[in-house]
Amino acid sequence: WKWNCSTAGKKLSVGIPALMVAASDDAVLTPSMVESLRMSDWIPSLETKYIQDAGHWVLQEKPDQVNTILKEWLNKLNQNSRL
């Protein structure tokens, strides 16, 4: 709560690329909740990917799909790198 108090009223954001892998059947973090949190307001470069027919444990339920998404995202970052 101290961080929350010290940042009250300030426009903060995450300035690095970010990826969120969400599941279509997640009962804990529902797709509508993901949208309503407006995380892109805090993380302008946030890319959100949804995996169909998966629940809250999407990493265990659909590991191949998660890995494909991660590899594609990392490859895109590497292609856009200024190094």
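Just so we're clear, the structure is a prediction, and the values are computed from it rather than from any experiment.
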- Message: If the condition is side-chain contact (heavy atoms from CB on, under 4.5 Å), which residues does Q52 pass it with, not counting sequence neighbours?
- Response: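 Q52 satisfies side-chain contact (heavy atoms from CB on, under 4.5 Å) with S24, Y50 only.
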- Message: Is it the case that the side chain of S40 and the backbone of L46 share a donor-acceptor pair, with hydrogens and angles ignored and the cut-off at 3.5 Å?
- Response: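 Here the side-chain-to-backbone pair does not exist.
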- Message: So which atom in A23 and which in G55 form the shortest heavy-atom distance, rounded to 0.1 Å?
- Response: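 Heavy-atom minimum between the residues: CB-O, 3.1 Å.
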- Message: Apply the hydrophobic cluster definition, ILVMFWY joined by side-chain contacts under 4.5 Å directly or through others, and give me every member besides W73.
- Response: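 Under the 4.5 Å side-chain rule, W73 groups with L19, V21, I51, V58, L59, V66, I69, L70, L74, L77.
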- Scan residues 37-62 for pairs that pass salt bridge (Lys or Arg N to Asp or Glu O under 4.0 Å), counting only residues two or more places apart or in two chains.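 Matches after skipping sequence neighbours: R38-D41, E47-K49, E47-K76.
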- Task: Give, for atom OG1 of T48 and atom CD of E35, the distance between the pair rounded to the nearest 0.5 Å.
- Result: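 These two atoms lie 6.5 Å from each other.
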Let me check something: any side-chain donor-acceptor pairs from residues 26-34 under 3.5 Å, sequence neighbours excluded? List them with distances.
from, atom 1, to, atom 2, distance (Å)
D26, OD1, V28, N, 2.8
D26, OD1, L29, N, 3.0
D26, OD1, H56, ND1, 3.0
D26, OD2, H56, ND1, 3.0
T30, OG1, S32, OG, 3.2
T30, OG1, M33, N, 3.1

